[in-house]
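Chain A is the first sequence line, chain B the second, and so forth, proteins listed ahead of strands; every chain is numbered from 1.
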Amino acid sequence: MRYLIFPLLITLATPSFAQEENSQVDAGRRDLGSTTEKFTDSDGSELYRRACSGCHGPEGEGAYGAGKYPALADNPRLGHKRYPVNLILEGNGAMPSFADWFDDEQVAAVVSYIQTNMGNDYEGDVTAEEVKRMRAEFADLEEG
Amino acid sequence: MSHPSNVRPPSRRDLLKMIGLAAGSSTMLHAMSSLGHARQSPYKGPIELSGAPQGRKVVVLGAGLAGMCAALELRNAGYEVSILEYQKRSGGRCWTLKGGDEFEELGGYKQKVEFSKGQYINIGPWRIPHHHLALLDYCHRLNVPLEVFVQENQNAYLHSQTAFDGKPIRYGHAWADYVGHITELLAKSVDKGRLDSALTKEDTEILLESLKSFGILNNDYSYEASLDTAEYRGYPENGAPGGGLYNAAPEPSEPIALEDLLKSRFWEKMRNHTTYRHHAPMFQPVGGMEEIAHAFAREVEDTITYNAKVDRIKQTESGVEVEYSSADGEGEGGVETADYCICTIPFTVLSQLDVDVSADMRRVMRALHYHEAVKAGLEMKRRFWERDEQIYGGITLTDLPIAEISYPSAEMHSNGPGVLLGAYVYGPHAYAFNSMSPKERLETVLEQGAQIHPQYRDEFSNGVVLSWHRVPWMLGCYSDWDDRGRDYEIAATMDNRFVCAGEHISYLPGWQEGSLLSALDAVRQVHDRAVKEG
């Protein structure tokens, strides 16, 4: 294990930001596509990989223990865009809310990605505008 | 109780008793406070449960601290108790990883811990405040030796990727200089009458005196390099006080400029160690946090059925039935019947099970979300932080995704290896780590940590990185209530014969004290109900 890490570290011996440009390390790994407050990617597949795949699996296969993370692959519930948008913004059980960490464009991008990949073949046409409306609506429901 | 032959002046306790009898409890509390004895904890000593009816049985779900505590107290009170536990170990999140341990995450990643003998990482809870009285009392009762956990260390670092060329700054330097600079600004504006304050002339003079004293300001109310400020912030290299002739006289050190401190945003982290829950001294069990779980298990292990995955919790008029299957698919499941059920299964999991509870409680189970967290344990061949950098325990805070590096409070100054907490990641960064393989996580943690401690490159021996969202029996780290309100009451209140317990049913989320206080409250509710039913 040590020998795998060694060459990686050697390129990074000097202070960070000065040599960011010429680092051989995947720049995405340096910032992890995120800050302490937000995800920063805009591409749906990249957002899925960073935020979702750890639980739902790289191919949307889900995970099963004392409880489960449901499979997203071949999932008929994803046909209605309102359903994934609601889960991402509001959470449910083991699914936390990502409302503070994704903006409307990012929610639209990741929902479109899961609706049109991993064995799902739906429209994937949800827009940031629609997400914005649903965000307000769900927040009202929660307060109401 | 009285000893007429041995007349003595009233003790403090006697005095309190008299005050209490004469004036009621609020006066008593006031008197206790003024005598310095009031404690900021709802725990008032071991729970007393008398009059348990004969032959009542309680099934406890989960053998973490809450479940084992509930089992211990109920059995002591005369109840029959059985515990169902998903894992093949007890302790739940009170979990210490040691050499030889193996664990598997959701998604199939397996990690084997290769730490040297005696080395460990507390991958769950890792520190105990001195005011967590229930936990401390159980440690006392169950003979778990504690040692000091160093939380704040002036010689550890604050680190920013973009400030000070990415070089770490000693916490004590930043702290002394930030305080010095802001007291200087305040003192100068007060001195020039620019501060519109309601203070009298006399009080203003005292304020100036205090700012000078607190900030280590000179007679012009300036904070600057001097032997006085060096007494607080430390000395330059080759300028520390010595002995004899050579290089002995101390020299002043240069404070960090206020502008640089402001831009570094280090001030965001300067109250971290002074939150009530982190006040010194904090404690840790000798040999790892799991020693507490082992101590509980010594008392109640005979009641635990391991490898039991709860599938269905049924409530009837007269009792509860819990159906379970084998968690690893090998061996038999079964049905556990009892009069009452205390359930410590986290809501991430419980909300997915078939449970007979009110619609309200079911809604609350789904609405409560859990924090994400990723923690890394890195064994280093040499305790370079101690030998090279004079950092003994404590925590370095950084704006890198790893967020912190904590230095072990055990075995300080030993010649052997040591295990660092190499990352404690929250928020979006934790999901990014959650999506990586353990090897990628480890590489990322090491690459980031090496920006603060270049010694990582030579000294790293082996490590583990756990993502709590991938822990099969947790699906998250600890509860994250937005607003407890009515939902919390619903979650904490017995529903027919079923009551929940655990850190999520407390105002101390993620702390073992919360688990225990919640367990004791659940025990109280079960006992009251049982006594009533006779």
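Under a 4.0 Å N-O distance rule, the pair B:R363/B:D360 qualifies as a salt bridge. A salt bridge is absent between B:D458 and B:K381; no separation between the charged side-chain nitrogens and carboxylate oxygens falls under 4.0 Å.
If you measure heavy-atom distances from A:E37 to chain B, the contacts under 4.5 Å come from the backbone alone. Looking at A:Y64, the atoms closer than 4.5 Å to chain B (heavy atoms on both sides) all sit in the backbone: N, CA, C or O. Using a 4.5 Å cut-off between heavy atoms, B:S351 touches chain A through its side chain atoms alone. For chain B, the nearby part of A:K38 is the backbone; its heavy atoms alone come within less than 4.5 Å. B:I345 does not touch chain A: none of its heavy atoms, backbone or side chain, sits under 4.5 Å away. Of the atoms belonging to A:S97, heavy atoms from both backbone and side chain fall under 4.5 Å from chain B. For a residue to count as touching a neighbouring chain, one of its non-hydrogen atoms must lie under 4.5 Å from one of that chain's; by this rule B:L368 touches chain A with the backbone only. For a residue to count as touching a neighbouring chain, one of its non-hydrogen atoms must lie under 4.5 Å from one of that chain's; by this rule B:E372 touches chain A with the side chain only. Contact annotation for B:Y109: neither backbone nor side-chain heavy atoms come within less than 4.5 Å of a heavy atom of chain A.
Of the listed residues (A:C52, A:A94, A:G91, A:A51), the one with the most heavy-atom contacts under 4.5 Å to chain B is A:A94. Counting heavy-atom pairs under 4.5 Å between each of B:V425, B:N434, B:D480 and chain A puts B:N434 at the top. Of the listed residues (B:L475, B:L353, B:L350, B:L106), the greatest number of heavy-atom pairs within a distance under 4.5 Å of chain A belongs to B:L475. When the candidates B:H429, B:Q352, B:R366, B:K309 are compared by the number of heavy-atom contacts under 4.5 Å with chain A, B:H429 comes out ahead. Among B:P428, B:S435, B:G427, the residue with the largest count of heavy-atom pairs under 4.5 Å with chain A is B:P428. Contact count against chain A (heavy-atom pairs under 4.5 Å) is highest for B:T348 among B:T348, B:I452, B:D399, B:V310.
Taking the six-membered ring for Trp and the full ring otherwise, B:H504 and B:Y478 have centroids separated by 6.0 Å or more. Ring centroid separation for the pair B:F103 and B:W95 comes in under the 6.0 Å cut-off. A:F98 and A:F102 have their aromatic ring centers within a separation under 6.0 angstrom. Taking the centre of each ring, B:F433 and B:Y431 stay at or above the 6.0 Å mark.
Classified by interplanar angle (parallel below 30°, tilted 30° to 60°, perpendicular above 60°), the ring pair B:Y157/B:H453 is tilted.
Taking OG of B:S325 as the reference point, atom OH of B:Y86 lies at 9.0 Å (rounded to 0.5 Å).
At least one donor-acceptor pair closer than 3.5 Å links the side chain of A:N117 to the backbone N or O of A:Y113.
Between A:D41 and A:R50 there is a side-chain heavy-atom pair separated by less than 4.5 Å.
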